[in-house]
Structures are given as structure tokens and as C-alpha cells.
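Have a look at the structure below before the remarks.
Bear in mind that the values here come from a model prediction, so they are computed numbers and not experimental data. Only heavy atoms go into these numbers, but all of them, side chains included; no hydrogens, no water, no symmetry mates.
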Amino acid sequence: MQKFFSNKKLIVLLIMLIVCMGFIAMSVGLRNNKKSPSFVRQFGNDVTGITNQVISVPANGIGRGVDALTDLINTYQENKELKAQLDDLAQTKVQTQTLKEENTSLKKELGLKGTLTDYTTINASVLSRNPDNWQNALVINKGALAGLKKDMPVMSESGIIGRIVEVNKTNSKVELVSSTDQSSNGFAAVVNTKDGKQVNGIMSGYNADRKQLKLGQIKTDAAIEKGDKVITSGLGGLTPKGLYLGKVAAVKKDDFGLALTVYVTPAADLNNLTVVTVIKRTIEGE
């Protein structure tokens, strides 16, 4: 009898061992089968997914809200700056209008119809330019019918290029500032030095080798330096003051060390002229 119970215990132990091995084998099989996760794993995954969604939705909403608030603050700041600029612009316009009104009032009191800086403009196109007379003159497509007159200055976009010397009904001849003709009348000009002084002279020639204008009849102790701006002085009455001629390229004294010759790099490209602007000076009596 004792032997039977001993064998029974052994059989139970063996059965339990087999059952355990079966559970282990089934667990391993389910784990390796990715398409069939266990119920516990499915439940855990679902809970995790739902939790992530619950947390991420308000988190994303908060993030978008912070970005929107930041954009709103930036927009407010930009709007504030733009308003300040508009206020400055409005103030500038008011000041400009006030100055214009004061200028008009003063001119009426003084009996003046124009000043050295008053002028109107007439646009024109270049009709022709003789290669044999390239540096001296060109012809434009506006004449007396457009209100052009002799001696009116002519400009390009960059600076002054010459003056009208001959007017027909529908076209005009322009003598260039680079003309080498000895009978040419030079422009009255002024050099604005870096120390604030103004030096008057006459634009009286062109150096073809340097491709620079010559400003002569200068007698001064003022220091004229390379880079100083040269503009029309307005003296003589026909040419307005302040039209850009060019910049000082070099300064040389004459043989006696008295008079100066100033070489000026022209503001305009005198070899590439297609459209020009004629300056109509506003003077007494017009």
C-alpha cells in the first residue's frame, strides 16, 4: 500500500510538470505570433493608446495655444511699430506741407516767381548720335512743340549730361557736357568739400584719356579731395542749383601753382544714353 501512494505522488508530480510545460510552450507560441497578441497584451495596448490620446489632445491644444499667443504678441508689437512709423510719416508730411506753404508765402512777399532750385521736367528719347561727333552732341525727339528752348539743361537718371543748343519743331540738339568744342559754354559748378566749404568753378572740358570732366577757374585755399561731390551752382540763371555733375577724381595745380584743375568723374554714363530729361528752369518773367 505504501508503494502505491508513493507511485501516485510521482504520477501527480509528472502530470503537473507536463501541464506547466504545456503552459510555457503555449505562452512562447503566442509571444512569437505577432499577429495574435494575448488578451492581456491587447488590453494593455488599448489602455496605453487611449491614455496617450487623452493626454496628447490637450497637450497639443496647449502647444497650439502658446504658439498662437506668441504670434499675437509679435503681431501686436509689429503693429505698434508700424503705427509709430505712420505717425512719423504723417508728421513729416505735415512739416513738408507747412514748409511749402511758408515758401510760397515768402516768395509772394518778396515778389519772386521762382528760386534757384525750382524747375519742371520734360522726358525725351535719344533719336540719333553721330559716331564722328560722339562725345560732343546727340539729338532728342522733343522740340519747340513740347516747350523746349535753347540752353535748357538735360539730365539722365544719374546726373546732368549737357544742354540744348538747337531747337526744331519736333527735335532738339543736345551739346554734351563732355564736348571738346572750344566754343562750348561750361556749366557753373560748385564743389562741396568734406569740411563743409563750397568752391565755385566752371565745367570747361573733357579729358578723353581719363574719361573725366575738367572743372577749371578755381582759386581757393580750401582742401578739395577725391570723392567730393560736384553739382551745378545755379549761377547764370538758366541752370537750377543742385543738379548732380559727378565726383572729384583728382586735383592738379597749374604750372604757377595758383589755379587748380579738378578732374571729375561724371555721374552719368555718357556712352549709354537712351532716355533723357530736359530741365525747364522757373525764372522771373515766365
Are Thr170 and Asn141 side-chain neighbours, meaning at least one heavy-atom pair lies under 4.5 Å? no
Working to the nearest 0.5 Å, report the span between CG of Asp151 and OG1 of Thr239. 8.0 Å
Residue pair Val174 / Val165, side-chain heavy-atom distance below 4.5 Å: no
Following the transitive rule for hydrophobic clusters with a side-chain heavy-atom cut-off under 4.5 Å over Ile, Leu, Val, Met, Phe, Trp and Tyr, establish whether Ile122 and Val139 coincide in one cluster. no
Which heavy atom of Ala268 sits nearest to which heavy atom of Ile161, and what is that distance? CB-CG2, 3.6 Å
For Tyr206 and Ser178, the nearest pair of non-hydrogen atoms, with its separation, is CB-O, 3.2 Å
Do Lys280 and Met152 have side-chain heavy atoms sitting under 4.5 Å apart? yes
Derivation and outcome, side-chain contact (heavy atoms from CB on, under 4.5 Å), residues Asn271 and Gln135: CA-CA 8 Å; Asn271 290 317; Gln135 294 296 339; 3.3 Å; yes
Give the C-alpha distance, both sets of side-chain angles, the deciding distance and a yes or no for side-chain contact (heavy atoms from CB on, under 4.5 Å) between Lys173 and Ile164. CA-CA 6 Å; Lys173 182 179 180 180; Ile164 294 177; over 6 Å; no
Test item: Leu270 and Val177 side chains (from C-beta on) under 4.5 Å apart, heavy atoms: yes
Taking all atoms of both residues into account, what is the closest heavy-atom pair of Pro240 and Thr232, and its distance? O-OG1, 2.7 Å
Is Asn136 close to Thr180 at the side-chain level, that is, under 4.5 Å between some pair of heavy atoms? yes
Heavy-atom closest pair, residues Val251 and Ile224: CG2-O, 3.6 Å
Gly216 and Ser204: which non-hydrogen atoms are nearest, and at how many Å? N-OG, 3.7 Å
Do Lys194 and Asp228 meet the salt-bridge criterion of a basic N to acidic O distance under 4.0 Å? yes
Tyr244 vs Ile160, side-chain contact (heavy atoms from CB on, under 4.5 Å): CA-CA, chis, key distance, verdict: CA-CA 6 Å; Tyr244 189 32; Ile160 197 163; over 6 Å; no
What's the separation between atom NZ in Lys252 and atom OG1 in Thr261, rounded to the nearest 0.5 Å? 9.5 Å
If you measure from OG on Ser179 to CZ on Arg163, what distance do you get to the nearest 0.5 Å? 10.5 Å
Test of understanding: clusters of I, L, V, M, F, W, Y form through side-chain heavy atoms closer than 4.5 Å, transitively. Do Ile231 and Ile218 belong to the same one? no
Output for pair (Lys214 NZ, Ile202 CD1), nearest 0.5 Å, gives 14.5 Å
So Val248 and Lys229, do their side chains get closer than 4.5 Å, heavy atoms only? no
pair Lys142-Val278: side-chain heavy atoms closer than 4.5 Å: no
Starting at OH of Tyr119, measure out to NZ of Lys241 and round the result to the nearest 0.5 Å. 13.5 Å
Can you find a heavy atom in the side chain of Asn207 that is under 4.5 Å from one in the side chain of Tyr263? yes
Minimum heavy-atom separation for Leu127 to Ile140, with atom names? CD1-O, 3.7 Å
Applying side-chain contact (heavy atoms from CB on, under 4.5 Å) to Leu273 and Leu176, what does each step give before you reach the verdict? CA-CA 11 Å; Leu273 299 171; Leu176 298 176; 4.3 Å; yes
First locate atom OG of Ser156, then atom CG of Asn272, and finally report the distance between them rounded to the nearest 0.5 Å. 9.5 Å
